[in-house]
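Contents: one structure, followed by commentary.
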Protein chains: 2
Amino acid sequence: MDVKTETAVDSLAEDERQPTRIQAINRGIILDAALDVFSVHGFKGSTVDQIAERAGMSKPNLLYYYRRKRDIYAAVLELTLDAWLAPLESLDPDGDPIEELRRYISKKLELSAERPEASRLFANEILAGAPAIGGFLSTRLKRLVQAKAAVIGQWVSEGRLAPVDPHHLIFMIWATTQHYADFDVQVRAILGEQVGKPGFREQTAQAVLSIILNGIRPRP
Amino acid sequence: MDVKTETAVDSLAEDERQPTRIQAINRGIILDAALDVFSVHGFKGSTVDQIAERAGMSKPNLLYYYRRKRDIYAAVLELTLDAWLAPLESLDPDGDPIEELRRYISKKLELSAERPEASRLFANEILAGAPAIGGFLSTRLKRLVQAKAAVIGQWVSEGRLAPVDPHHLIFMIWATTQHYADFDVQVRAILGEQVGKPGFREQTAQAVLSIILNGIRPRP
DNA sequence: GTCTATAGATTGATAGAC
DNA sequence: GTCTATCAATCTATAGAC
């Protein structure tokens with residue numbers, strides 16, 4: 001990479017506090033690599049060497065961008081927190097309950113298939129006792145879940161859903177959808193090559209949606 | 001501990017290849033401690049020091065019983081593998097489908113509440129790519145799941161269950177029940193102190209059973 | 001069987017040349 | 001910004017006294 005040429009093209013009057021183009025690129029490469037490593041082995045089980053190798057740079061160079069291992073970890077986590085809340089946030093109190101939950105479950109399954117590393121990153125963090133995101137869990141996440149549980153509770157009390165415990169319904173949706181990311185190795189060991197083949201995602205969605213939605217559909 | 005007295009009482013003509021009483025006791029203490037540590041941080045994230053401290057013995061003494069870290073890990077895993085298969089194995093093809101699945105889900109929820117560390121141990125191992133139990137997953141576990149999926153498929157074709165994909169139903173049951181062990185920290189952050197209180201387990205079981213069983217009950 | 005001491009390897013992080 | 005070299009801490013595992 002020719003650094004001088006790269007920056008000279010894009011940056012006029014570069015502010016010292018603004019990240020340069022090469023900084024932004026390298027930070028992005030590092031965070032991608034860090035996600036791959038942390039999502040498999042967790043924070044304690046991962047090494048800076050592993051991340052540096054996967055990012056294709058030397059360890060000291062990586063530590064030039066993020067001074068300490070926990071800084072990389074914090075950056076990776078923060079990048080994924082918002083994406084984690086988005087699907088549940090979009091659950092619309094004014095929509096049709098079954099259709100809203102169908103959309104939510106579908107969205108979570110898509111996320112699980114497209115960004116399984118993000119799911120595994122959180123799984124590892126929570127298994128380890130959530131030392132880094134304990135605050136997030138008990139504030140932002142808790143508030144969001146309480147709000148959406150109230151919405152589901154409202155739907156139930158209006159008779160638009162079968163009488164279900166909203167919190168446990170949310171947990172079941174999380175568990176089931178994230179299972180396909182977190183336990184991917186196990187799913188593959190049992191189902192074999194069909195995992196990842198064209199129709200598998202649709203088949204999974206159909207099966208999961210059928211059971212859960214039938215389970216909460218209001219009954220006459 | 002007075003070793004001589006202990007063994008003299010219980011062992012007559014002790015065979016050199018048989019573990020002595022103190023050996024059995026210490027191995028048990030070590031495995032309990034190792035389960036606690038490995039289930040939180042996984043294999044790579046755990047240290048022999050941590051296990052030794054929790055077991056209340058020195059590191060060299062611990063390594064007298066299990067020569068290497070991976071030997072301890074293998075022993076802990078093997079101890080829990082059978083208990084892991086047992087509930088699914090007991091799914092009876094000749095029983096009533098809904099009642100059999102109710103029993104299975106209840107059993108898994110009990111296990112999740114009573115031995116959450118075992119669940120977290122597997123979760124960590126599978127997240128890490130199942131380096132130690134990959135063989136178990138693709139042989140014993142796969143065979144068992146295929147057999148029980150066939151049973152569920154039979155129930156479906158007889159019209160005794162709604163048309164569900166047996167494998168995905170099993171995955172959903174695993175995911176949902178194990179969620180309460182694996183993501184305990186998150187569940188506690190959201191639900192607060194009610195987790196662990198007297199009625200919580202029953203409330204959870206009621207909610208989970210209601211959704212899943214209603215979701216697969218045959219419809220006229 | 002249990003301990004202290006320590007070897008040998010890995011790891012997080014820094015120094016300093018370019 | 002990137003590299004080689006290296007320090008200091010941690011970690012697995014062993015040696016050897018008791």
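Numbered from 1 within each chain, the chains take letters A, B, ... in sequence-line order.
Ring centroids of B:His41 and A:Phe43 are separated by 6.0 Å or more, keeping the two rings apart.
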* Structure fact -> Letter by letter from the 5' end, nucleotides 11-18 of chain D scores (B base, S sugar-phosphate only, - none; protein heavy atoms under 4.0 Å) SBBB----

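Rounded to whole Å, atom P of C:dT4 lies 14 Å from atom CE of B:Met57. The interatomic distance linking A:Leu62 (CG) with D:dT4 (P) rounds to 15 Å, in whole Å. With rounding to whole Å, A:Tyr65 atom OH is found 10 Å from D:dC3 atom P.
At the phosphate of C:dT4, neither OP1 nor OP2 sits under 4.0 Å from any side-chain N or O atom of B:Asn61. Checking the phosphate oxygens (OP1, OP2) of D:dG1, a side-chain nitrogen or oxygen of A:Tyr64 falls inside 4.0 Å. Applying the 4.0 Å criterion to OP1 and OP2 of C:dC3, one finds that B:Ser58 has a side-chain N or O inside that range.
Annotation: B:Gln23, atom CD; neighbour count of heavy atoms from other residues, nucleotides and ligands within 6.0 Å is above 12.
A side-chain donor-acceptor contact under 3.5 Å links A:Gln146 and A:His167.
With a 4.5 Å cut-off on side-chain heavy atoms, A:Ile152 and A:Ile170 count as touching.
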* Using the side-chain contact (heavy atoms from CB on, under 4.5 Å) rule, take B:Ile190 and B:Gln186 through it: C-alpha gap first, then chi angles, then the decisive distance, then the call. => CA-CA 6 Å; B:Ile190 289 167; B:Gln186 182 173 256; 4.1 Å; yes

* To do: Decide yes or no on ring pair (Phe, Tyr, Trp, His ring centres under 6.0 Å) for B:Phe183 and A:His179, but give the supporting numbers first.
  => CA-CA 12 Å; B:Phe183 291 76; A:His179 184 84; over 10 Å; no

